[in-house]
> 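One structure coming up, written as structure tokens, with questions to follow.
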Amino acid sequence: MKYDYKQYEKHWQNKWEEDKVFVCDIDKSKKKFYGLVEFPYPSGAGMHVGHIKAYGGLEVITRKKRMEGYNVLFPIGFDAFGLPTENYAIKTNTHPRTVTDNNIAKFTSQMKRVGFGFDWTRVIDTTEEDYYKWTQWIFLKLFEHGYVFRDKASVNYCPSCRCVLSNEDSQGGKCDICHSDVVQKSKDVWYLRITKYADKLLQGLKDVDYLPNIVLQQENWIGKSEGAFASFALKEVDEKLRIYTTRPDTMFGVTFMVMAPEHPLIDKYAEKIGNMSDVIAYREECAKKTEFERTQLNKDKTGVKLQGLTAINPLSGKEVPIFISDYVMMGYGTGAIMAVPAHDERDFEFAKKFGVDIIPVIKGGDGESAYTGDGEMINSEFLNGISNKKEAVSAAIKVLEEKGLGEGGTQFKMKDWAFNRQRYWGEPIPIVHCQHCGDVAVPYDELPLRLPNMEQFVPGEGGESPLAKVESFVNCVCPKCGAPAKRETDTMPQWAGSSWYFLRYLDPHNEKEFCSKEALDYWMPVDWYNGGMEHVTRHMIYSRFWHRFLYDIGEVNTPEPYAKRTAQGLILGPDGEKMSKSRGNVVDPNEIVDKYGADVLRVYIMFMGDYEKASPWSDSSVRGCKRFLDRVAGMAEMFGCASTAESESALHKLIKKVTSDIDNMKFNTAIAAMMSYINGVYDAGAINRDELKVFVTLLAPFAPHLAEEMWHDLGESTYVSLTPWPKYDESKTVDNTVEIAVQFLGKLKGTVVVPADADENTAWEIIEKSGVLDQALEGKTIVKKIYVKGRIFNVVAK
RNA sequence: GCCGGUGUGGCGGAAUCGGCAGACGCCCGAGACUUAAAAUCUCGUGGGAUUAUAUCCCGUACCGGUUCGACCCCGGUCACCGGCACCA
């Protein structure tokens, strides 16, 4: 075998590194292209074939861009703080630093074996001091500008990890790391005010080119709703109960109010409430439920009617009772609602159970269930007769405003970002607690605040951070007043380091700034970011928030970090199930590289299906790709013939197809086109030498090692990886004659070959001469002829 | 429950704008080469009827519609996948 991958893959990887083929620098004479992939979490298991797919897409794209003359930045690094490493370290009694270093070494060698064209001079590791120094620096900027606050709150807590989780990390009531049930616990929590950016994050989606489902998921996560705030006066005390509603049009249908069990007004007026003991009992009952139980749909509505407190409808003046119930959450809106059972399903269910009045205010309901549709207003005084939608909504808001009892307003589902973790392996939060000054920022010039070296870092039973045990770390002096003080001992969540890493790549060795202005000006924004769908509502939201904040304080030059975002589909196991250790269906990329070489692995993963969709692994299809590359290599012994108009046309069509397919991430059809081309060459038994060279350049982004080797054997002394991408001549991709389908009443009867520019009459003459329609048309009269140039000729006859 | 997405041969998947369904690959079958096997090469391969070739019928989850013509558009149904989930 002339082309044995074992002989040349390593060779070319070394050559690329020696000659800095993928190393880039600012070059204002060239157009830049910044391609970004989600840097890996270096787990002990090593790389997964899914990593190869995730990076493979932009690997092909950036290689092509480089050949097209762009100055390409395609960096890689490691997102290495986090619980899995820490848990593994505890289990094996190894320091997380050692675990991390080992895992990074493993990932690095694996990625190099696959031949990815990363700029290895820019590698970053979020756990290095010179990196997390700047993570802390950004945190302090957020603190300085009032985006950090501390609160005692009921939070998502994972009993197994002994750690607080953000809303994003406990989706579905499960811990994202260990999948245990998350419980609610009252804890001291550091929050980042991401909600202040809710509107900007939403608006920003209009200026970027993300896949539509990514935009939609982010919009849903941010969850903007429009409605009104209204104040219901309490009859017995001088107090107003403020509520939020999206349906101010239905305000005349309010028959009761509901407050969250934890609502502060309850405690404020405890002595006015006749049945406070029932309230306390109900609260205890609610506290016992897990988040999951509490949010289960279709469960029975529960609640307690408050005795001794009554609300007054600001529009109608009517008095209505007040309940507490856990179907109203303290964390959304104002923690209290006006209930309109005639037009809200939950309120309806509650009213039925507790025997409260149901007053319809919109025509159209049947009284059997809540009517949530639109219609004409009834039973609503000044709103009667108009449509509920826009008219009644704005009329109701107008009157509320006139009375000073409410106003239009918006609400977001997104919550503030719970930012502290009671674990060791993370960035220390650079805050000092001083008895006199409160929470004080560590001065910028004292950064990095180093993570102390520890031998034992199991978190405390009570959920306190392991750092609390290190007295030399905890005890310090207040930077403001110099009095003895204590350091914050919690660390940042895993998502901190990844919220700005794409900026550090631009200038990874800068000791004075997180990134130079010059580098920001040249490289930002990221032109194309590819990654997994699982990061759409976390990493992407977080990093967009940080970036937008940095933009607002003048530290970066673009409001949005990522101009374009795509996502690859999963690689499933051969059984069609998600790959997992427990199912035993995981494919190790190393084995494929050992057996067939990196190029085969790369080509197969790009060929296996639509890049954006999930598809199952198939070992025999891998062999098909091996066969393809063998056939490519085999062409090296087939050149020598002259180029013909036909061969030239085939090649130009191929250039066109591969070029546009790569741009559209249709890697599978690009490879299919190359396979077809090769089949044509084998049919002909020969290929022209120059045409083979063009083919090799087209193959280079997919199978770069074989391409370099063949390029070299074709007598070239340059790198094919740096060779200009071939251009096609549109006129050579168009055929002179085309085969068109001939149909009778839309059914295929045969095909004929006609000149590509043939008009209807010419085409019809050819069809008549061919006789394909003779049988179908026998004894019939032609009613209509439909001719689509280059496609079909359909005849309608009776 | 709500919001998305998907549904095409034995399998992975193709199919610009509504215009030859099944490209390309896998699997399988036949042949060539070989003492033989592997590898390689060549050919065949949606299902059915029939006289192998000609010809005809059926076929893109299901039911119906629009159209000369529908995998594609419209209405309805089912299944699977993903996201959100008492958000007032």
Side-chain angles (χ1 to χ4, degrees), chain A residues 1 171-173 212-221 223-225 227 243-247 250 258 260 292 294-299 301 325-329 331-340 344-347 349-350 411-415 533-534 536-537 569-570 572 574 576 578 603-604 607-610 612-625 627-628 630-631 634 660 666 668-679 682-683 739-751 775 783-797:
Chain A
M1 183 76 222
Q171 297 179 26
N213 57 333
I214 294 176
V215 172
L216 205 77
Q217 260 191 48
Q218 293 203 0
E219 282 173 351
N220 288 343
W221 186 257
K224 183 175 184 170
S225 84
I243 59 100
Y244 175 73
T245 179
T246 54
R247 298 294 303 274
T250 62
V258 186
F292 184 70
R294 192 169 163 172
T295 56
Q296 272 287 7
L297 206 68
N298 294 333
K299 77 174 169 78
K301 292 280 180 289
S325 174
D326 64 355
Y327 84 88
V328 173
M329 310 287 152
Y332 183 79
T334 62
I337 61 156
M338 60 176 216
V340 185
D344 180 282
E345 281 164 24
R346 294 150 304 173
D347 298 347
E349 208 185 311
F350 192 90
Q411 277 294 298
F412 295 93
K413 284 188 200 172
M414 190 166 68
K415 305 251 185 2
M533 281 307 289
E534 70 275 18
V536 164
T537 53
L570 290 177
L572 305 173
K578 200 171 166 174
V603 168
Y604 171 63
F607 179 65
M608 59 195 298
D610 184 337
E612 289 171 12
K613 292 197 189 115
S615 37
W617 185 269
S618 157
D619 281 323
S620 50
S621 289
V622 176
R623 287 194 290 275
C625 291
R627 234 167 267 160
F628 163 62
D630 284 345
R631 279 162 72 86
S660 72
K666 300 288 177 201
N668 53 338
T669 50
I671 293 168
M674 289 192 270
M675 288 173 168
S676 291
Y677 179 82
I678 292 276
N679 290 346
Y682 272 71
D683 286 345
E739 193 186 53
I740 64 166
V742 182
Q743 297 179 338
F744 171 67
L745 294 174
K747 289 205 173 195
L748 183 69
K749 293 292 158 187
T751 59
Q775 203 182 327
V783 179
K784 199 173 173 183
K785 290 186 218 145
I786 297 118
Y787 174 52
V788 181
K789 235 180 212 178
R791 299 254 177 213
I792 59 123
F793 200 116
N794 187 15
V795 178
V796 184

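All values reported here derive from a predicted model rather than from experimental measurement. Values reported hereafter were calculated over all heavy atoms of this structure, with side chains retained and with hydrogens, waters and symmetry mates removed. We name chains A, B, ... by the order of the sequence lines, and we start the count at 1 in each one.
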> Would you call the rings of A:Y332 and A:Y244 parallel, tilted or perpendicular if under 30° counts as parallel and over 60° as perpendicular?
perpendicular
> What's the base orientation of B:rG46: syn (chi within 90° of 0) or anti?
anti
> Does A:L216 reach a base, just sugar-phosphate, or nothing at all? Heavy atoms under 4.0 Å.
sugar-phosphate
> Write down the distance between CG (A:L572) and P (B:rU6), rounded to a whole number of angstrom.
17 Å
> Looking at B:rA21, B:rG25, B:rA14, which one has an atom nearest to any side-chain atom of A:L748?
B:rA21
> Can you tell me the base-pairing partner of B:rA52? Count Watson-Crick or G-U wobble geometry only, both distances below 3.5 Å, and say none if there is no partner.
none
> Would you give the length of the straight line joining atom CG of A:N213 to atom CD of A:E219, rounded to the nearest 0.5 angstrom?
11.5 Å
> Give me the distance, rounded to whole Å, that separates B:rG4 from B:rA85 when you measure between the C1' atoms they each carry.
14 Å
> On RNA chain B, does the nearest nucleotide to A:M608 precede the nearest nucleotide to A:I671 from the 5' side, or the other way round? Give the residue.
A:M608
> Using the P atom on both, measure B:rU6 against B:rU16 and round to a whole Å.
14 Å
> Can you tell me the pairing partner of B:rG19 across any strand shown, Watson-Crick or G-U wobble, with both distances under 3.5 angstrom?
B:rC68
> Quick check on A:E534: does its CD atom have over 12 non-hydrogen neighbours (other residues, nucleotides or ligands) under 6.0 Å away?
yes
> Run the numbers on A:I671 and A:Y604 for side chain to side chain contact (heavy atoms under 4.5 Å, CB included), then give the verdict.
CA-CA 9 Å; A:I671 293 168; A:Y604 171 63; over 6 Å; no
> Which nucleotide in the list B:rC24, B:rG13, B:rC3 gets nearest to the side chain of A:N668?
B:rG13
> Out of B:rC27, B:rG13, B:rC20, which has the shortest distance to the side chain of A:P616?
B:rG13
> Where the side chain of A:N220 is defined as all heavy atoms beyond and including C-beta, which of B:rC3, B:rC24, B:rA88 is the nearest nucleotide?
B:rC3
> Regarding A:P212, tell me which of base, sugar-phosphate or nothing describes its non-hydrogen contacts under 4.0 Å with the strands shown.
nothing
> Of all the choices, B:rC68, B:rA14, B:rA23, which nucleotide is nearest to the side chain of A:V796 once you look at every atom?
B:rC68
> Looking at the side chain of A:Y332, which of B:rA88, B:rC26, B:rG12 is the nearest nucleotide?
B:rA88
> Between OH of A:Y787 and CD1 of A:I792, what distance do you get to the nearest 0.5 Å?
10.0 Å
> Can you tell me how far apart OG1 (A:T250) and CG (A:D344) are? Round to the nearest 0.5 Å.
8.5 Å
> Using a cut-off of 4.0 Å on non-hydrogen atoms, how would the nucleic acid contact of A:N794 be classed: base, sugar-phosphate, or nothing?
base
> Give A:Q411 one of three labels, base, sugar-phosphate or nothing, depending on what nucleic acid heavy atoms sit under 4.0 Å from its own.
nothing
> Quickly work out the A:E612 CD to B:rG82 P distance and round it to whole Å.
18 Å
> If you only use heavy atoms from C-beta on, which nucleotide in B:rA85, B:rA88, B:rU42 is closest to the side chain of A:W221?
B:rA85
> Partner lookup for B:rU40, please. Criteria are Watson-Crick or G-U wobble with both distances under 3.5 angstrom; report none if nothing qualifies.
B:rA32
> Say you draw a straight line from CE of A:M608 to NZ of A:K613; how long is it, rounded to the nearest 0.5 Å?
14.0 Å
> Could you measure between the two C1' atoms, the one in B:rA21 and the one in B:rG13, and give it in whole Å?
13 Å
> If I take atom CG in residue A:D610 and atom C1' in nucleotide B:rG7, what distance separates them, rounded to the nearest angstrom?
14 Å
> Please determine if a side-chain N or O atom of A:Y244 lies less than 4.0 Å away from the OP1 or OP2 oxygen of B:rA88.
no
> Calculate the interatomic distance between A:N213 atom CG and B:rG82 atom C1'; express it in whole Å.
9 Å
> Can you tell me if the side-chain N/O atoms of A:R631 get under 4.0 Å from OP1 or OP2 in B:rC24?
no
> Going by a 90° cut-off around 0, is B:rC17 syn or anti?
syn
> At under 4.0 Å between heavy atoms, what does A:G624 touch on the DNA or RNA strands: base, sugar-phosphate, or nothing?
sugar-phosphate
> Tell me the partner of B:rG46, counting only Watson-Crick (N1-N3 plus N6-O4 or O6-N4) or G-U wobble (N1-O2 and O6-N3) with both under 3.5 Å; none if nothing fits.
B:rC58
> Does a side-chain N or O from A:S225 land closer than 4.0 Å to OP1 or OP2 of B:rA88, or not?
yes
> Nearest 0.5 angstrom please: A:K749 NZ to A:Q743 CD, how far?
10.0 Å
> Rounding to a whole Å, what distance do you find between A:N679:CG and B:rU42:P?
8 Å
> Which nucleotide, B:rC27, B:rG19, B:rG25, lies nearest any side-chain atom of A:S620?
B:rC27
> Would you measure the distance from the P atom in B:rU50 across to the matching atom in B:rC71 and give it in whole Å?
28 Å
> Nearest 0.5 Å, please: how far is CD1 in A:I740 from NZ in A:K789?
11.5 Å
> Of A:I740 and A:V795, whose closest RNA chain B nucleotide lies nearer the 5' terminus?
A:I740
> Does B:rA79 pair with anything, Watson-Crick or G-U wobble, both distances under 3.5 Å, and if so, with which nucleotide?
B:rU6
> Return the value, rounded to whole Å, for the distance between atom CZ of A:R627 and atom P of B:rC26.
5 Å
> Expressed in angstrom and rounded to an integer, what is the separation of A:E219 atom CD from B:rG83 atom P?
18 Å
> How far does the P atom of B:rU60 sit from the matching atom of B:rU51, given to the nearest Å?
28 Å
> When the C1' atoms of B:rC62 and B:rU55 are considered, how many whole Å apart are they?
31 Å
> Looking only at atom C1', what distance separates B:rA49 and B:rA61, rounded to whole Å?
26 Å
> Distance check, P atoms only: B:rG9 and B:rG46, in whole angstrom units.
13 Å
> What nucleic acid atoms does A:S615 come within less than 4.0 Å of, heavy atoms only: base, sugar-phosphate, or nothing?
sugar-phosphate
> Side chain to side chain contact (heavy atoms under 4.5 Å, CB included) between A:K666 and A:D610: does it pass, once the steps are laid out?
CA-CA 7 Å; A:K666 300 288 177 201; A:D610 184 337; 4.0 Å; yes
> Would you say A:K747 reaches B:rU55's phosphate, i.e. side-chain N/O to OP1/OP2 under 4.0 Å?
no
> Would you mind pulling out the nucleotide paired to B:rC11, Watson-Crick or G-U wobble, both distances under 3.5 Å?
B:rG25
> A:Q743 CD to B:rG19 P: how many Å, rounded?
11 Å
> What nucleic acid atoms does A:F412 come within less than 4.0 Å of, heavy atoms only: base, sugar-phosphate, or nothing?
nothing
> Under 4.0 Å between any heavy atoms, over every strand shown, what does A:Q217 touch: base, sugar-phosphate, or nothing? Just pick one.
sugar-phosphate
> With heavy atoms under 4.0 Å as the rule, sort A:A614 into base, sugar-phosphate or nothing.
sugar-phosphate
